[in-house]
Amino acid sequence: MSAMDKYALHMRSGRVMAAVGLGTLAPKESEEDVIAAVKSAVRAGYRHIDCAAIYRNERAVGHAIKQLIVEGIVRREDLFITSKLWNTCHRADLVRPSLRKSLEDLGLKYLDLYLMHWPVAYREGGDFHPWDGDTGKVLYSDVDYLETWKALEDCVDEGLTHDIGMSNFNSKQLQRILSEARIKPSMNQIEVNCRNTNRKLIEFCQSQGVPVVGFAPLGTPNNSPSDKKVSLLDEPVVKEIASTKNRSPAQVCLRFVLQLGIGVVPKSVNAARIAQNIQIFDFDLSDEEMQKLSALNINYRTYAEDIALEHKYYPFHEEF
């Protein structure tokens with residue numbers, strides 16, 4: 001067994017997800033940048049690509065995948081492609097069309113994994129964020145995420161996706177799904193990094209046999225908390241360990257997440273960084289180093305979806 005295989009995540013369907021994937025959230029980058037990033041990632045050894053409807057770039061990702069397949073670099077069956085259902089499509093009759101739209105944009109016949117992006121639902125319609133012009137607040141829908149989950153199960157039955165899961169669900173919401181589901185979730189994708197270790201939720205998911213993938217593993221330097229302006233990659237502890245290991249600070253942060261027993265989806269459009277980010281299987285962090293990095297935790301959440309704070313299913317009012 002290779003070091004990379006050791007950390008692979010096993011889905012309910014029996015399929016296997018590589019522990020390191022390419023995150024494709026790139027709001028400031030062009031389609032050409034996204035295409036180049038995906039092609040660079042696959043050539044560097046990535047076989048796990050993490051997408052979402054809200055990223056608004058699935059056509060670009062699909063274009064890159066098609067080119068890679070045509071060039072003989074990779075086969076479709078070698079790739080593990082994830083996408084996510086957005087909050088305006090939680091109503092049961094909208095789930096299948098949303099999945100089909102992602103498939104059309106990606107140029108695929110099936111997804112490997114389809115996630116409910118958030119437990120909260122927004123008013124159905126054309127806008128990803130349907131704002132109320134009078135109050136300036138996003139308009140909610142009261143769709144129960146259990147209703148949405150049942151529609152996701154139907155998508156598995158139809159062969160549109162092999163596995164289903166969720167993102168940004170807390171432990172109580174996950175437990176509710178587990179108690180009611182006909183097809184159990186294969187994933188909870190949550191924010192995990194040295195500043196937000198999310199250990200209790202990770203441990204709960206693992207105790208329930210639900211694999212975890214951590215997003216934002218490098219934090220977001222431009223969104224640092226007001227009392228913690230230092231970028232995660234510039235933290236003295238991170239830099240010290242990186243120097244000792246002859247690694248980059250990013251590799252240390254990614255290795256930290258990997259050693260929590262979960263997957264990780266760093267995002268980048270820089271070819272050199274993309275290649276570097278997957279080179280984390282040939283070194284280890286000691287228990288002492290893991291403790292030092294864990295001590296950076298301040299439970300700071302980069303992606304809090306604050307516009308949904310008043311929604312009845314907002315996940316982060318709970319401790320975990």
Side-chain angles (χ1 to χ4, degrees), residues 3-12 16-21 23 48 50 80 82 84 113 115-119 145 163-179 181 184-220 232 235 237-238 241 250-267 277 280-281 284-305 313-320:
M4 189 178 294
D5 290 339
K6 173 185 174 183
Y7 290 95
L9 305 176
H10 296 269
M11 305 291 101
R12 301 276 183 180
V16 178
M17 169 194 278
V20 178
H48 168 194
D50 184 74
F80 193 103
T82 299
K84 307 180 193 74
L113 176 64
L115 306 178
M116 202 185 320
H117 208 144
W118 291 87
Y145 55 82
D163 285 275
I164 51 177
M166 64 277 292
S167 179
N168 300 298
F169 273 55
N170 64 40
S171 59
K172 291 182 178 178
Q173 292 166 337
L174 174 56
Q175 184 60 66
R176 187 168 177 241
I177 292 284
L178 287 167
S179 299
K184 304 298 184 185
S186 290
M187 177 64 57
N188 191 13
Q189 190 179 110
I190 59 177
E191 182 175 333
V192 183
N193 55 60
C194 296
R195 288 217 183 101
N196 183 19
T197 57
N198 233 329
R199 286 216 184 231
K200 288 185 178 180
L201 184 52
I202 291 172
E203 289 170 0
F204 175 79
C205 292
Q206 292 173 335
S207 74
Q208 300 301 309
V210 178
V212 174
V213 162
F215 66 82
L218 305 178
T220 304
L232 182 56
E235 282 283 359
V237 170
V238 174
I241 294 173
Q251 287 174 315
V252 169
C253 290
L254 293 172
R255 182 70 199 187
F256 169 81
V257 175
L258 192 69
Q259 285 188 211
L260 295 177
I262 70 175
V264 62
V265 283
K267 58 184 178 69
N277 287 345
I280 60 171
F281 294 97
D284 294 293
L285 297 172
S286 68
D287 291 344
E288 182 182 0
E289 289 166 337
M290 287 292 290
Q291 290 170 5
K292 287 181 178 179
L293 293 170
S294 294
L296 296 175
N297 180 52
I298 53 173
N299 298 316
Y300 175 71
R301 198 178 301 279
T302 302
Y303 296 97
E305 195 69 5
Y313 294 136
Y314 184 74
F316 305 140
H317 293 314
E318 299 290 338
E319 181 187 1
F320 70 97

At what distance, to the nearest 0.5 angstrom, does [atom1] of [X] lie from [atom2] of [Y]?
X: Leu293; Y: Asn193; atom1: CG; atom2: CG; result: 11.0 Å
X: Ile177; Y: Gln208; atom1: CD1; atom2: CD; result: 13.0 Å
X: Cys205; Y: Asn188; atom1: SG; atom2: CG; result: 4.5 Å
X: Ile280; Y: Gln251; atom1: CD1; atom2: CD; result: 8.0 Å
X: Asn198; Y: Leu260; atom1: CG; atom2: CG; result: 10.0 Å
X: Gln173; Y: Tyr314; atom1: CD; atom2: OH; result: 11.0 Å

Met166 vs Met187, side-chain contact (heavy atoms from CB on, under 4.5 Å): CA-CA, chis, key distance, verdict: CA-CA 6 Å; Met166 64 277 292; Met187 177 64 57; over 6 Å; no
Residue pair [X] / [Y], side-chain heavy-atom distance below 4.5 Å:
X: Leu285; Y: Phe256; answer: yes
X: Pro217; Y: Cys253; answer: no
X: Pro119; Y: Phe169; answer: yes
X: Pro266; Y: Phe215; answer: no
X: Thr82; Y: His48; answer: yes
X: His117; Y: Asn168; answer: yes
X: Leu174; Y: Pro185; answer: yes
X: Val16; Y: Leu9; answer: no

Show your working on side-chain contact (heavy atoms from CB on, under 4.5 Å) between Ser186 and Ile164 and close with a plain yes or no. CA-CA 6 Å; Ser186 290; Ile164 51 177; over 6 Å; no
[Y] backbone acceptor or donor facing [X] side chain under 3.5 Å:
X: Asn297; Y: Thr197; value: yes
X: Lys292; Y: Val237; value: no
X: Glu289; Y: Ser286; value: yes

So that I can tick it off, tell me whether Glu318 and Lys172 are bridged by a salt bridge, with the cut-off set at under 4.0 angstrom between side-chain N and carboxylate O. yes
Could Arg176 and Tyr145 be counted as a cation-pi pair, given that NZ or CZ must be under 6.0 Å from the ring centre and within 45° of the axis? yes
Under a 3.5 Å threshold, yes or no: a donor from one side chain and an acceptor from the other, between Gln259 and Arg255?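 Judged by distance alone, the side chains do pair up.
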When you check the side-chain N and O atoms of Asp50 and Gln189, is any donor under 3.5 Å from an acceptor?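 There is such a pair (donor and acceptor under 3.5 Å, judged by atom type) between the side chains of Asp50 and Gln189.
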Closest non-hydrogen atom pair, [X] against [Y]:
X: Val257; Y: Val192; answer: CG2-O, 3.8 Å
X: Phe320; Y: Ser171; answer: O-OG, 2.9 Å
X: Arg12; Y: Val210; answer: NH2-CG2, 3.7 Å
X: Ile262; Y: Gly214; answer: CD1-N, 4.0 Å
X: Ala216; Y: Tyr303; answer: CB-CE1, 3.8 Å
X: Met17; Y: Phe80; answer: CE-CE2, 3.2 Å

side-chain contact (heavy atoms from CB on, under 4.5 Å), that's the test. Do Phe281 and Val20 meet it? Break it down for me. CA-CA 10 Å; Phe281 294 97; Val20 178; 3.5 Å; yes
Begin from the C-alpha positions of Ser294 and Arg199 and carry the test side-chain hydrogen bond (donor to acceptor under 3.5 Å, both in side chains) through to its verdict. CA-CA 10 Å; Ser294 294; Arg199 286 216 184 231; 2.8 Å; yes
Candidate pair Val213 and Ile190, rule side-chain contact (heavy atoms from CB on, under 4.5 Å), full reasoning: CA-CA 6 Å; Val213 162; Ile190 59 177; over 6 Å; no
